[in-house]
Amino acid sequence: MVEHRTSAVTLGRGFWTATAVFAVLSALAIWFWTTTPLDIILPPVAAEPGAQIDSLLRFMAACGSALFIFVAGYIVYFAIAFRVRKDDAPDAIGVQVHDNHKLEFWWTIIPTAFVVLLSILSVRIWYGIQIAQPANGLTVEALGHQWYYTFRYPQIHGEITDEMHVPVNQPVVLNVTSADVIHSFWVPAFRLKADMVPGLINTIRFTPTKVGRYPIVCTEFCGTRHGEMDAEIPTENGKPNPGAQYFVVDTPANFEKWYHGWQVKNANASDALPTVSTGAISLAGGDAKAGGALFAQKCSACHAVGPFSQRIVGPGLKGVLHDPAHPNLVDGDPATPENVAKILQNGYKGDIGVMPNEAANGLSDKDIANLVAYLSSLK
Amino acid sequence: MAVATLPHGATAGHADHGEVDQLYVETRALRLQGFLLFLISDCVLFSSFIFAYLYMRNSGQSWPPPGINHLDVAFAALNSVVLFGSGATMHYALENWKHNNFGRYAFFMIATIVLGILFLSGQAYEYTNLYFKEHVSWAGSGIFGASFFTLTGMHGFHVTVGVIYLTVLFLQSVHGVYTKDKYFGLTAGTLYWHFVDVIWVALFTIFYLI
Amino acid sequence: MDIANIERIIAIVGGIIVAIVSAIALKNDWKTPGLDNQVFKVMLALLFVGAVIALLAGAHVLGNFPSPKGA
Amino acid sequence: MSTTVEHAGGIADHIHPEPQGFIRRYVFSLDHKIIGIQYLITGFVFLVLAGLLAEVIRTQLLHANGGFVSNDTYNEVYTMHGSAMVWLVIIPLITGGFGNIIMPLQIGARDVAFPWLNMLSFWIFPVAGLMLFSSFLIGAPVAGWTEYPPMSLQAGPGTSMWAAAIFLVGVSSTLTGINFVVTMFQMRAPGMTFTRMPLFCWAQLATAPLLMIATTALAAALAALFMERQFGVPFFDPTKGGSPLMWQHMFWFYSHPAVYIMILPAFGMISEIIPTFSRKPIFGYKMIAFSSMAIALAGMMVWAHHMFTSGLAPYLQLPFMILTFTIAIPTGVKIFSWVATLWGGKIHYTTSMLFALGFLALFTLGGITGVFLAAVPFDLHVHGTYFVVAHFHYVLVGGSLMGVFAGMYYYFPKMTGRLMSEKLGKWHFWLFFIGFNGTFLPQHWLGMLGMPRRVPVYDPQFQFWNDVSTFGSYVMTFSILLFFINVLVSIRNGKKSGPNPWGARTLEWQIPSPPHYYNFKNIPTVYGLPYDFSQPLPYKGLEEELTDSPVHVGAH
């Protein structure tokens with residue numbers, strides 16, 4: 001049995017040599033991560049907060065590499081230096097150290113300091129992405145479908161089913177949501193992503209800085225052809241792949257041309273969604289109670305039973321038919337039961353989000369009558 | 001440590017082997033801890049649904065839920081008092097067992113079971129009312145209906161199990177399964193019944209009061 | 001007197017009884033040792049809270065829904 | 001605690017005779033060692049099945065335009081791969097398997113607290129596993145192991161089967177958790193205080209509450225999904241007033257702790273193996289024990305870091321991000337302690353030790369990329385991409401599965417009385433290590449460059465690295481084949497190991513291999529930590545263990 005001797009705890013020259021080697025290697029790694037262009041592992045950045053994210057990656061990768069070099073380096077070095085040797089007694093034991101409070105203190109404090117530093121840095125960049133981006137840019141809406149995207153622009157009727165264009169160097173506010181299941185909107189070159197969740201509007205704000213065509217990729221599983229919602233996927237048997245849509249950053253002049261082209265093309269497109277049944281709905285015999293139950297199922301995800309200002313996605317609907325401050329409905333028609341029924345029937349494309357029509361909402365004529373009766377009972 | 005949890009200490013002459021039944025003392029401690037851990041995880045099950053309900057209620061849903069105009073708070077308060085009362089009687093049932101007072105034990109135990117059944121009947125009455133008069137249903141009334149019927153239904157299931165459990169315990173105690181010193185089954189039954197009561201405090205609060 | 005008021009009165013009276021009984025039981029049990037009794041004490045305390053809540057709901061102090069029976 | 005309990009007439013002296021007959025002994029056994037081995041066998045069978053599914057995935061991705069299986073089959077395959085690996089392989093192997101076999105032996109108990117419950121939790125698990133795999137017959141679930149609604153609401157009937165099967169696995173986990181907590185609180189040998197408990201038991205003690213609490217939360221989520229699918233109860237469907245994000249909260253409230261359920265016992269195993277083969281006390285015993293608890297506690301509070309892109313309010317992202325960063329601190333302390341344990345040791349290169357060292361390196365890398373992902377800004381870029389896939393495979397395969405292999409080579413002699421072949425074992429290790437890195441290292445940059453997860457076809461520019469990944473996975477699979485050959489050959493023909501082939505000092509090595517039915521002839525008394533190689537063993541009352549003296553069976 002070997003006596004427990006604390007004096008045996010000396011680190012030795014080999015240890016310091018190894019440490020020096022690891023320090024040099026770490027320095028090299030840090031130098032590499034801070035200076036090398038990241039093109040091998042990241043697509044070239046093409047939007048404003050993207051560069052901030054890259055800088056965070058550089059910081060984390062530099063620290064992470066240094067840490068990994070030290071940990072893996074010591075594992076390899078110790079594994080070689082302290083292997084059991086041929087001339088060791090079979091019951092030879094190692095140096096009996098149990099702990100070292102100073103060492104443990106430092107290797108708790110240093111990671112803590114790193115975590116604090118990383119938190120500060122991440123919060124700053126988070127602020128730059130989530131809060132500080134201009135809120136008054138070009139407001140565009142992207143809607144996920146199985147398995148393609150559609151886009152809507154201010155002053156263009158209907159939906160744009162082709163590629164999406166924005167002008168370079170102008171802030172964009174992109175609201176995303178979904179028509180069916182959860183999708184996601186990711187432009188790798190922008191480093192930004194938002195899930196398209198039905199019934200919920202997520203917003204990303206950025207400023208494209210480089211003219212070009214960038215693939216849009218869906219990263220949330222959305223069904224059989226989820227993989228094809230990536231613009232770079234080759235088309236199948238020569239058929240155009242509907243999911244292959246690009247995010248095009250144009251010069252302002254080209255953007256104007258594209259924008260007007262769609263204005264003309266969609267001049268007659270209706271903002272209302274295609275309807276299923278046409279013709280006026282008889283509102284007689286609407287049952288307010290049944291309408292209330294229906295409201296809870298079909299409407300309450302987007303509309304509150306509260307004052308107009310209590311907005312979820314759409315406005316609060318308490319007193320929609322009896323509110324002197326808002327005599328007209330959102331489509332400009334006077335607030336009468338018949339016009340409310342018309343919106344329920346046809347749906348409505350708002351500034352944000354879209355109210356589904358009766359087909360999408362699964363409403364029968366009777367349901368609409370009940371809902372109108374319920375709405376008109378709210379005062 | 002387990003020795004201390006016996007109410008009177010297991011004294012000579014009571015245990016099967018003529019002295020402290022060490023095996024009982026130790027297995028009782030095991031079973032008690034195991035049972036409490038089971039109740040904790042059961043509590044998490046309820047908490048998850050409660051969290052789900054409160055989360056959805058506070059994320060963009062309008063409140064009170066449209067289409068749900070009335071909940072019979074007065075009747076629910078009455079029904080709650082019935083259930084809480086059964087908790088009190090259960091407590092005294094166990095106390096009387098500990099003090100070797102079989103007659104009173106039997107009275108309180110039966111009272112507990114009867115109150116439990118009364119509560120379940122009240123629950124059934126309330127469900128019928130909601131479904132037929134207020135048109136609130138499990139699958140058709142949005143998140144309120146889903147949460148209300150799932151949570152109260154789960155609770156009602158627990159009460160039903162509890163009533164059966166207590167009945168079995170009572171029959172066992174009549175047949176002399178438990179002695180003055182060995183009655184862990186009754187302790188467990190009491191714990192379970194209190195648990196069911198306490199869950200109802202939370203459910204009553206979230207559905208009827210806030 | 002309509003049925004809702006009867007319900008309320010029973011709820012209030014019952015709530016007071018249960019609250020008092022559970023408070024007394026809690027006081028009597030206060031010094032009992034052992035894991036099970038510690039849990040019982042917590043449960044009794046919550047039972048007391050529950051009874052108080054129920055009686056307040058019966059007394060119209062708490063509660064967010066109008067009753068279908070008026071009152 | 002139990003140190004003060006006189007054992008005369010208590011559980012410790014209550015030895016039932018070993019049951020006779022094959023069924024009672026090996027099928028519906030109450031013996032924790034047999035149950036543990038049953039878990040291992042079942043878990044490894046599911047490992048083979050789920051591993052084959054993984055190879056289907058990789059083979060499909062050999063070409064950018066896929067073509068090996070149809071899109072729908074591919075979606076079923078990766079969903080089942082993920083679900084089976086998490087719930088039917090890693091968790092049962094590492095808690096039910098090793099926890100059952102080792103933990104009671106290490107604390108000096110004759111069995112777990114509730115043997116019957118233990119048998120029940122085991123038998124739920126293969127039934128649930130068969131249910132899960134049989135969902136292939138009716139159209140398996142497709143929406144990934146996370147099963148986000150509304151996708152999972154639209155998918156075929158297999159999704160309900162999936163929910164039911166996972167619910168059952170959850171019940172089994174919860175019961176195991178309860179069993180383990182009570183066992184470790186009540187049944188430690190005299191003198192085995194918490195501060196003398198081996199670190200594997202500490203890891204199980206940190207894991208068991210997670211099994212108990214988090215799994216129940218998952219059960220609620222699964223029940224809600226099942227009710228919505230079968231009865232139309234609106235929990236998650238936004239068109240009926242539900243919330244799809246609700247599922248994500250409920251699911252991740254379980255599934256983030258689940259990753260700690262999967263890694264903490266592996267930490268514990270590593271903490272046993274490294275001191276044994278370094279012939280050194282574990283460095284910083286208390287810090288390692290404490291950090292397990294800290295990780296388990298913090299792990300319960302960080303679930304929403306999986307939801308940074310799903311529409312969490314921006315201000316809510318910050319606390320989750322920072323709390324997730326802080327988990328790096330106790331994890332770092334553990335890794336540093338293990339590395340420091342190596343220093344000044346007399347390191348024996350057994351296969352088990354190689355796997356432990358490989359674990360250290362790979363888990364460190366997985367941990368570092370975990371910190372990357374915790375940072376909201378970077379997560380906005382890589383969420384839902386192959387970077388995430390690479391990260392969690394480094395943690396779960398490079399971490400947990402490496403831990404399982406290290407544990408298998410280490411404890412195989414204790415289970416069977418025979419050693420595994422070291423030669424084959426080293427082939428297994430090196431091929432596994434190379435194959436693993438070949439498979440998952442390239443996925444880091446694939447993800448950053450723009451390859452999303454769960455796709456059967458992909459951008460042709462990624463083909464080269466995907467091919468590297470696929471060939472790496474073939475190497476890895478081949479190495480696991482070697483492992484199974486090794487196990488099967490060694491059970492019959494391995495060298496006899498004797499009670500303590502590794503010179504280890506924890507209690508389980510002081511009794512015969514395999515242990516008797518009753519584990520200990522006399523319950524030992526413990527006087528110190530098990531890791532002091534310079535001191536005599538800190539146990540008393542073990543003198544008869546390796547002799548032929550009879551044990552008094554059937555008391556009571």
Side-chain angles (χ1 to χ4, degrees), chain A residues 1-2 4 41-43 53 56-57 60 64 68 71-72 74-75 78-79 82-84 88 92-96 98-99 104 107-108 111-112 115 118-119 122-123 125-126 129-130 181-182 184 188 191-195 197-200 202 217 219-222 224 227 232-233 296-297 300-301, chain D residues 65 71-72 143-144 148 150-151 238 240-241 244 278-281 283-284 287 309-311 314 318 321-322 325-326 328-329 332-333 335-336 339 342-348 357 360-361 364-365 368 372 375-378 380-381 383-385 445 448-450 452 454-457 459 533-534:
Chain A
M1 287 293 165
V2 176
H4 183 161
I41 54 164
L42 283 168
I53 294 175
L56 183 66
L57 172 66
M60 292 192 299
F68 183 73
V71 170
Y74 279 131
I75 292 171
F78 292 161
F82 300 110
R83 70 190 183 279
V84 87
D88 277 328
I93 61 173
V95 186
Q96 301 295 302
H98 290 88
D99 46 14
E104 285 169 50
W107 75 36
T108 313
T112 310
V115 162
L118 180 59
S119 301
S122 306
V123 171
I125 293 172
W126 165 89
I129 294 169
Q130 303 279 34
V181 299
I182 299 180
S184 161
R191 313 281 189 272
L192 286 175
K193 167 185 301 124
D195 285 3
V197 184
L200 189 72
N202 287 330
V217 181
T219 62
E220 288 292 344
F221 179 76
C222 54
T224 309
E232 300 281 312
I233 300 296
Q297 291 176 36
S300 63
Chain D
N65 51 2
N71 282 359
D72 288 322
Y148 280 3
M151 191 61 228
K240 292 183 189 162
S278 308
R279 297 287 185 264
K280 268 193 69 191
F283 191 92
M287 287 293 262
T309 65
S310 2
L318 291 184
M321 169 172 83
I322 292 168
F325 285 155
T326 59
I329 300 168
V333 166
I335 290 172
F336 301 147
V339 175
L342 294 173
W343 177 84
K346 290 284 174 201
I347 299 174
H348 294 250
L357 295 177
L360 277 189
T364 305
L365 195 54
I368 290 171
F372 283 26
V376 176
F378 188 64
L380 289 185
H381 180 55
H383 175 88
T385 68
W445 49 86
M448 286 197 274
L449 280 168
R454 296 172 176 159
V455 289
V457 290
D459 186 344
F533 280 83
S534 61

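Numbered from 1 within each chain, the chains take letters A, B, ... in sequence-line order.
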* Asked: Pick from V181(A), T112(A), D99(A): which one has the most heavy-atom pairs with chain D under 4.5 Å?
  -> V181(A)

* To do: Between chain D and each of V217(A), L57(A), I129(A), I125(A), count heavy-atom pairs under 4.5 Å; write down the option with the most.
  => L57(A)

* Minimum heavy-atom distance between T364(D) and V71(A), given as atom pair plus value -> OG1-CG1, 3.7 Å

* To do: Could you tell me which portion of L318(D) (side chain, backbone, both or neither) has an atom closer than 4.5 angstrom to a non-hydrogen atom of chain A?
  => side chain

* Structure fact -> Sorted by chain and residue number, the side-chain hydrogen bond (donor to acceptor under 3.5 Å, both in side chains) partners of S310(D) (sequence neighbours excluded) come out as Q248(D)

* To do: Please report the closest heavy-atom contact between M151(D) and C222(A), naming both atoms and the distance.
  => SD-C, 3.4 Å

* Structure fact -> Separation between CZ (R83(A)) and NZ (K346(D)), nearest 0.5 Å, reads 10.0 Å

* Structure fact -> Whatever's closer than 4.5 Å to a heavy atom in chain D on L42(A) counts as both

* Minimum-distance pair of heavy atoms, taken over all atoms of Q130(A) and P314(D) -> CB-CB, 4.2 Å

* Checking L200(A) against chain D: side chain, backbone, both or neither under 4.5 Å from a heavy atom? -> side chain

* Asked: Hey, mind stepping through S278(D) and F78(A) against side-chain contact (heavy atoms from CB on, under 4.5 Å) and telling me if it holds?
  -> CA-CA 10 Å; S278(D) 308; F78(A) 292 161; over 6 Å; no

* Could you have a look at G144(D), A143(D), P456(D) and say which one has the most heavy-atom pairs with chain A under 4.5 angstrom? => A143(D)

* Contact origin within V457(D) toward chain A - heavy atom pairs under 4.5 Å -> both

* **Proximal component of L342(D), with respect to chain A [non-hydrogen, under 4.5 Å]** => both

* Asked: Can you check whether R279(D)'s main-chain N or O pairs, donor with acceptor, with Q96(A)'s side chain at less than 3.5 Å?
  -> yes

* For A79(A) and L357(D), which heavy atoms make the closest approach, and how far apart are they? -> CB-CD1, 4.2 Å

* Structure fact -> Contacts of R191(A) meeting salt bridge (Lys or Arg N to Asp or Glu O under 4.0 Å) (sequence neighbours excluded), chain-then-number -> D54(A)

* How long is the gap from CD1 on I182(A) to OH on Y148(D), to the nearest 0.5 Å? -> 7.5 Å

* To do: Check each atom of L380(D) against the heavy atoms of chain A and say whether the ones under 4.5 Å are side chain, backbone, both or neither.
  => both

* When rounded to the nearest 0.5 angstrom, what distance separates CE in M321(D) from CG in L118(A)? -> 7.5 Å

* Asked: How far apart are the closest heavy atoms of M448(D) and I41(A), and which atoms are they?
  -> CB-O, 3.1 Å

* Structure fact -> Most heavy-atom pairs under 4.5 Å with chain A, out of P377(D), P452(D), G384(D), belong to P377(D)

* Asked: Hey, what do you get for CG (L360(D)) to OH (Y74(A)), rounding to the nearest 0.5 Å?
  -> 15.0 Å

* Asked: So do I93(A) and S534(D) actually touch side chain to side chain, heavy atoms under 4.5 Å?
  -> yes

* Between I53(A) and F378(D), which heavy-atom pair has the shortest distance, and what is it? -> CG2-CA, 4.0 Å

* Structure fact -> Most heavy-atom pairs under 4.5 Å with chain D, out of A92(A), A72(A), A194(A), belong to A92(A)

* Donor-acceptor pair, side chain of K193(A) and main chain of T309(D), under 3.5 angstrom -> no

* To do: Please flag which part of V123(A) lies under 4.5 Å from any non-hydrogen atom of chain D: side chain, backbone, both or neither.
  => both

* Using 30° and 60° as the class limits, which term best fits the ring planes of W107(A) and F336(D): parallel, tilted or perpendicular? -> tilted

* Go through V455(D), V376(D), D459(D), N65(D) and name the one with the most non-hydrogen pairs under 4.5 angstrom from chain A. => D459(D)

* Asked: Which of the residues A375(D), G345(D), A328(D), G332(D) is involved in the greatest number of heavy-atom pairs with chain A at under 4.5 angstrom?
  -> G345(D)

* Between T326(D), I335(D), N71(D), which residue shows the highest count of heavy-atom pairs closer than 4.5 Å to chain A? -> N71(D)

* Asked: So which of G450(D), A361(D), P244(D) has the biggest tally of heavy-atom pairs under 4.5 Å with chain A?
  -> G450(D)

